[in-house]
Amino acid sequence: MKSKPIARRTVLRGILAGGGLVAVPLPRLGGMLNNSGTAYAQGGPLPKRFVTWFFGNGIVPPRWIPSSQGTGQQWQLSEHLQEIAAFKPYMSLVTGARALEKEGEGHIIGMAALFTGRRLINRVDPASETLDQMIAKKIGSNTPFRSLELGLSQANPNLKGVEFSRTISHNQINAPNYPIYSASAVFTRLFGKAPGDGSAGQSPAKARSRFRQLTVDLVKGDIERLRKRLGREDLLRLDQHLDGIQQLEKQISPVQGVKSCSAKLDGSFSDFTVAQKSGVPEDVHGAMTTLMTYALACDMTRVISYMWSLPAAHVDYRFLGIEGDIHDKISHLEEGDQPQFTKSVHYTLRQFRTYLEALAATPEAGGSLLDNSVTLLTSELSFGRTHSSEEFPMLLVGKAGGALRGDVHVRLPSTESTARMALTLLRLFDPTVERFGEGKDLAQKPIEGLG
């Protein structure tokens, strides 16, 4: 049995004990699509999504840059990128580019070129809206949330009073979009209720003891009505979707926060203690990854900025056997090709792999969410030891609905600005865009060879 036609914006609704509304969005079901599954039944193509996945303190360039370029077997993954080797067919790697404007704080110059293409204000703050918001204006007007800004580690950045060190997303000058660090708060924003709380207007303790209900329980009426309209494949997809929400909601309360740590790192850092929430907890990252996947798959938003860690941040990596401050002692002072710092980069990429696996496991129109999205993986600089914005790390993963070929490494001359990547991404969502940025970092030509 095939599904009967279903409106693309169908939402399951319920009423909280205190009178508030709860809404459960749906993934893209077959009944929402045309007979070939390539577009919406009511017309219009399937959407493309854009995610920025940011991590702080940069990379080790010799371990990041492949020895060859080209497509397919013409290029092989570098040591760093081996951590996400399974996704090579989806990778569009661009190396060689740099920030051409050199005025500004060392950790921030590269971010300005890539995200705004403009010279920093007072050497530290962005001078315009950022790339994510430019894209959100083009593709986010018809979704419940034009964009989402999320974060994981709140480890203190080594940059005081610098807005770019707190968020990569800005609506305009002096209008930052700060990340949400609580998985519970993100759940509440998406579904209209706190995890496991079926009431409203009551103390959390009373709500948990008397009215604890899972979100799916509150929309049972709509679920049963919808089931009567679904074919076998869509019924399976719906059940998987609802089961996933239930499991996430059961698990999410314990991972709202992050364990604090106040232990000193070693004798040479007697005046430094690890800031509260300085870790990169995998359980919180797992919850955030699931929430991002739901938000994209259910078309609640098409643009997400995720700050896995902040620029120049004092992240606690002692669980990797790194005893020194990752920014001050390791990134800036470790000699050679930095084996200790490499551990932190490889760990970051393993967490990025978890996110990619979630996208790839989400079916959509004969492919997956990974096929219909593009994620920009980047940092604030390349080599932390020298504050270098040369060889700036820029990796795209995803096919962007077929607009990107994947499995390609393009190397640009060092005279080229990272702003060209921003222009390339903007043109994926609006081919009429002719330029990005100004001055030295003005880009008027997208990167060739990625499509």
Self-check item: Sub-4.5 Å side-chain heavy-atom contact between P179 and T167
Solution: yes

Quiz prompt | D371 side-chain N/O to S368 backbone N/O, donor-acceptor pair under 3.5 Å | solution = yes

Quiz item: How far apart are the closest heavy atoms of I109 and G104, and which atoms are they?
Solution: CD1-O, 3.4 Å

Quiz item: Take atom CD in Q444; do more than 12 heavy atoms of anything else shown fall under 6.0 Å from it?
Solution: yes

Quiz item: What pair of heavy atoms forms the shortest contact from K193 to V22, and how long is it?
Solution: CD-CG2, 3.5 Å

Quiz item: For residues N57 and S331, is any side-chain donor paired with an opposing acceptor at under 3.5 Å?
Solution: no

Quiz item: Can R9 and D299 be counted as an ion pair, charged N to O under 4.0 angstrom?
Solution: yes

Quiz prompt | Aromatic centroids of F319 and Y347 separated by under 6.0 Å | solution = yes

Quiz item: Between T342 and R63, does any side-chain donor sit less than 3.5 Å from a side-chain acceptor?
Solution: yes

Quiz prompt | Main-chain N/O of P446 paired with R420 side-chain donor or acceptor, under 3.5 Å | solution = yes

Exercise. Would you check, one step at a time, whether the test side-chain contact (heavy atoms from CB on, under 4.5 Å) holds for I330 with Q338?
Key: CA-CA 8 Å; I330 306 299; Q338 299 197 310; 5.8 Å; no

Self-check item: R98 versus S389, side-chain donor and acceptor atoms under 3.5 Å
Solution: no

Quiz prompt | F341 backbone acceptor or donor facing E334 side chain under 3.5 Å | solution = yes

Exercise. State whether R123 and E103 are salt-bridged, where the test is any N-O pair (Lys NZ or Arg NE/NH1/NH2 against Asp/Glu carboxylate O) under 4.0 Å.
Key: yes

Exercise. Spell out, as yes or no, whether a donor-acceptor pair under 3.5 Å connects the side chain of T378 to the backbone of P393.
Key: yes

Quiz item: Distance-only, no hydrogens or angles: does the K343 side chain make a donor-acceptor pair with backbone N or O of G321 under 3.5 Å?
Solution: no

Quiz item: Between the side chains of Q133 and S147, is a donor N or O closer than 3.5 angstrom to an acceptor N or O?
Solution: yes

Practice problem: Start with the C-alpha gap between L404 and Y90, add the side-chain angles, then the distance that decides, and say whether side-chain contact (heavy atoms from CB on, under 4.5 Å) holds. | Solution: CA-CA 8 Å; L404 294 173; Y90 289 89; over 6 Å; no

Quiz item: Taking only residues at least two apart or on different chains, which pairs with a member in residues 402-446 satisfy ring-ring contact (aromatic ring centres under 6.0 Å, His included)?
Solution: W75-H409

Self-check item: N156 versus H314, side-chain donor and acceptor atoms under 3.5 Å
Solution: no

Quiz item: Between E448 and K445, is the closest basic N to carboxylate O distance under 4.0 Å?
Solution: yes

Quiz item: Would you say E163's side chain and P126's backbone share a donor-acceptor pair under 3.5 angstrom?
Solution: no

Quiz prompt | Validation row, ring centre Y355 to ring centre H285 under 6.0 Å | solution = no

Self-check item: Within residues 360-398 or reaching into it, pairs that qualify as ring-ring contact (aromatic ring centres under 6.0 Å, His included) - sequence neighbours excluded
Solution: H107-H387, H332-H387

Self-check item: Audit row: T290, I252, side-chain contact (heavy atoms from CB on, under 4.5 Å) steps and yes/no
Solution: CA-CA 10 Å; T290 302; I252 205 168; over 6 Å; no

Exercise. Could you tell me whether a side-chain N or O of E380 sits under 3.5 Å from a main-chain N or O of A312, the two making a donor and an acceptor?
Key: yes

Exercise. Please test K138 against L426 for side-chain contact (heavy atoms from CB on, under 4.5 Å), starting from the C-alpha separation and ending with a verdict.
Key: CA-CA 9 Å; K138 299 181 181 300; L426 280 167; 4.1 Å; yes

Self-check item: Donor-acceptor contact below 3.5 Å, side chain R49 vs main chain L296
Solution: yes

Self-check item: Heavy-atom side-chain contact between V60 and W64 under 4.5 Å
Solution: no

Quiz prompt | Residues in salt bridge (Lys or Arg N to Asp or Glu O under 4.0 Å) contact with K440, at least two apart in sequence or another chain | solution = none

Quiz item: Any donor and acceptor pair, going by atom type alone, linking the side chain of D441 with main-chain N or O of R118 inside 3.5 Å?
Solution: no

Quiz item: So, do L93 and L395 sit near enough that their side-chain heavy atoms are less than 4.5 Å apart?
Solution: yes

